[in-house]
Amino acid sequence: MAAKLGQLLVGGNQITEEQLETALDLQKTEGGRVGSNLIKLGFITEEQLVEFLSKQYGVPSVTLDPEQVDASIVKFIPFEVAQKYQIFPVSKNGATLTLAMTDPSNVFAIDDVKFMTGYEVQPVVASESTIKEAIVRQYEQSDDLQTVVDGIDMDDDSLDLIQETEEDVDVSQSTDAAEEAPVVKLVNLILSEAIVRGASDIHVEPYEKNFRIRYRIDGVLYDIMQPPVRLKAALTSRLKIMSELDIAERRLPQDGRIKLKVRDKPIDLRVSTLPTLFGEKVVMRILDKSNLNLDMTKLGFEEQALHDFQEAIASPFGMVLVTGPTGSGKTTTLYSALSTVNEVDVNIMTAEDPVEYNLLGINQVHVREDIGLTFSAALKSFLRQDPDIVMVGEIRDFDTAEIAVKAALTGHLVLSTLHTNDAPSTISRLLNMGIEPFLVSASVVLIVAQRLCRVVCPNCREVDEIPEEALIKLGFSADEVGSFKCYKGKGCSACTNTGYKGRRALYEVMPANEEIKDLVIKGGTSTDIKRTAMKLGMRSLRMSGLTKIKEGLTSVEEVLRVTFAD
């Protein structure tokens, strides 16, 4: 089917032969269906694929709503069969079963369902992601979180793991209670539900009189459930056991990792515990390599900004800096840059804290400050390893900044991050660290500032009537107003009623050209640098957000949330 579908898409002018070859190569190395690989690579969207298959085979397309599925129909097809063929029963009318399929030409799947159920099969086309979500919700998660919590015996003394006033901890008792089946099931469901919903972080938070679980989805925290307070010690201990942390240590922060497999897809969770007033807070960062987008043309760069960035990372030496707050996508931007320049004849070395994703052909070092392996120490060692390109996870202090600048001035391309509000203020940050202005001017090639804004859900988006005065105040010119439509999400099952699904980056790209370098040497302020950069063509974060509004990708409220006025 892989080659057949691919050739059909080529014949239908949906993709090129080269794009098909790239998808087939990815299939050989990472597996997966050719259609999903084409979507992952950004060559075609799910909507385009479903529409094409619908026309090609003359069958209707459907949008599955996993929350409105008739459970009595689901039981006709076993989980193993639904997962094997990526099919899902939609409805039954008399002796005919309507079957949602990713591939309506799969006669083996149709024949198996006919034989198994005794019904005639009417195929319809649905996207792979909605079929997978429906399968997970209806088969793998027949118990929801609250059902599991309700099933736990709250009078069970084993749940009283650790009293907050105790100095000595009975570790064996804690371990036994944390391994109790209901608690194990609850933790597994919390983790799997987060992955299914596309969460990036899970927050487990104890308070004096309540205990809550929150997911960060598309950059925003949502309250998912509030288990009984008596569960907090058992649940925390279970997570620490899975992370191979010391469950007896409650006074100091700890860091660990959990490795899972969800639907044969490896998932890493970076776990951090922090002692708070009423227990340990646990935050888990979900690292899903399949969601890592290394194609920088799909990240959200405007055309000129992308050209400037690509030109900078192609430089033989110098420093390229990416700035923004935690969770703004800096790592993805740097990884996409490294992926672009990753060739056999290039030696690339990275120092990261921690290493979030493994990249083939790149030498990655996990910084460990507790044993003296700091960013500056790693960078010093890198320079004795004959590097061409060096990535430093973060410039935090003068020592790291000084070595990075010297490396950039001695024939190495250095990529790194800083925490600043915009691109021009990065110059001031380096100067405040103690780097001389002439060294900053000579070493910095380009600075990128970025934020992540949520994308309006395509399944439930609707026109948002915004007054012209408000749009002009936002930054649009009077000529632009009226030439485009603003959108917002109404909320549906596909986006968990948030109105948003996925995120796209806003970029502010500032090349360090001669005028900027002169200003740095003369002691110009961040305001002076920004004013000059914008005269030279730099588009600010707010301007990037306005472009995304005009393209119908995001909403006015979202741009106001993540950017500030110029």
Side-chain angles (χ1 to χ4, degrees), residues 1-2 4-5 8 31-36 39 45-148 188-189 192-193 195-198 262-265 457-460 491-497 501:
M1 166 60 190
K4 184 180 177 183
L5 173 60
L8 285 174
R33 297 166 183 264
V34 70
S36 60
I39 293 166
T45 66
E46 274 195 323
E47 292 77 14
Q48 288 173 321
L49 181 59
V50 169
E51 184 181 353
F52 175 80
L53 290 173
S54 176
K55 290 179 181 177
Q56 186 71 33
Y57 293 108
V59 298
S61 61
V62 296
T63 301
L64 289 176
D65 186 346
E67 294 182 358
Q68 296 181 358
V69 172
D70 186 347
S72 63
I73 296 174
V74 175
K75 67 183 181 183
F76 286 122
I77 297 178
F79 166 67
E80 294 76 13
V81 176
Q83 189 178 50
K84 177 183 177 182
Y85 293 123
Q86 289 297 293
I87 58 178
F88 193 83
V90 177
S91 62
K92 185 175 77 69
N93 185 12
T96 301
L97 182 68
T98 301
L99 192 66
M101 309 178 68
T102 56
D103 173 18
S105 69
N106 192 336
V107 293
F108 300 107
I110 294 173
D111 287 345
D112 276 4
V113 173
K114 279 183 180 178
F115 178 78
M116 194 179 310
T117 63
Y119 292 112
E120 286 298 313
V121 172
Q122 173 63 51
V124 294
V125 187
S127 68
E128 186 173 354
S129 64
T130 57
I131 287 181
K132 281 184 175 179
E133 184 182 356
I135 290 172
V136 169
R137 283 184 179 273
Q138 295 300 320
Y139 290 98
E140 295 184 14
Q141 294 192 21
S142 56
D143 292 315
D144 62 22
L145 296 175
Q146 197 58 52
T147 302
V148 175
N188 291 344
L189 282 171
S192 60
E193 180 79 3
I195 293 164
V196 168
R197 293 197 189 191
V262 178
R263 287 176 286 168
D264 295 324
K265 185 168 64 173
C457 175
N459 295 312
C460 64
C492 64
S493 60
C495 60
T496 326
N497 293 315
K501 191 169 181 64

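We use all heavy atoms of the structure for the numbers below, so side chains are in, but hydrogens, waters and symmetry mates are not. Numbering starts at 1 and runs along the sequence shown.
Residues Val125 and Pro104 come closest through the heavy atom pair CG2-CG, 3.7 Å. Pairing each heavy atom of Ser91 with each of Leu97, the nearest pair is O-CD1, 3.5 Å. Annotation for Cys457 and Cys492: closest pair SG-SG, 3.8 Å, computed over non-hydrogen atoms. A pairwise comparison of heavy atoms in Ser61 and Val50 identifies CB-CG1, 3.5 Å as the closest pair. Contact between Pro123 and Val59 at its shortest, heavy atoms only, is O-CB, 3.7 Å.
Separation of atoms CG (Asp103) and CD (Gln86) is listed at 11.0 Å; rounding is to 0.5 Å. Glu51 contributes atom CD, which lies 13.5 Å from atom OG of Ser127 (distance to the nearest 0.5 angstrom). Summarising the geometry, atom OG belonging to Ser105 is positioned 8.0 Å from atom CG belonging to Leu53; distances are rounded to the nearest 0.5 Å. Here CD1 of Ile131 is found 5.5 Å from OG1 of Thr102. Values are rounded to the nearest 0.5 Å.
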Q) Please walk me through it: do Glu120 and Lys114 pass side chain to side chain contact (heavy atoms under 4.5 Å, CB included)? A) CA-CA 6 Å; Glu120 286 298 313; Lys114 279 183 180 178; 3.8 Å; yes
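Contact annotation: the side chain of Asn93 never approaches that of Thr98 to less than 4.5 Å [non-hydrogen atoms, C-beta and beyond].
Using modelled atom types, one finds no donor on one side chain facing an acceptor on the other under 3.5 Å when comparing Asn106 with Tyr85.
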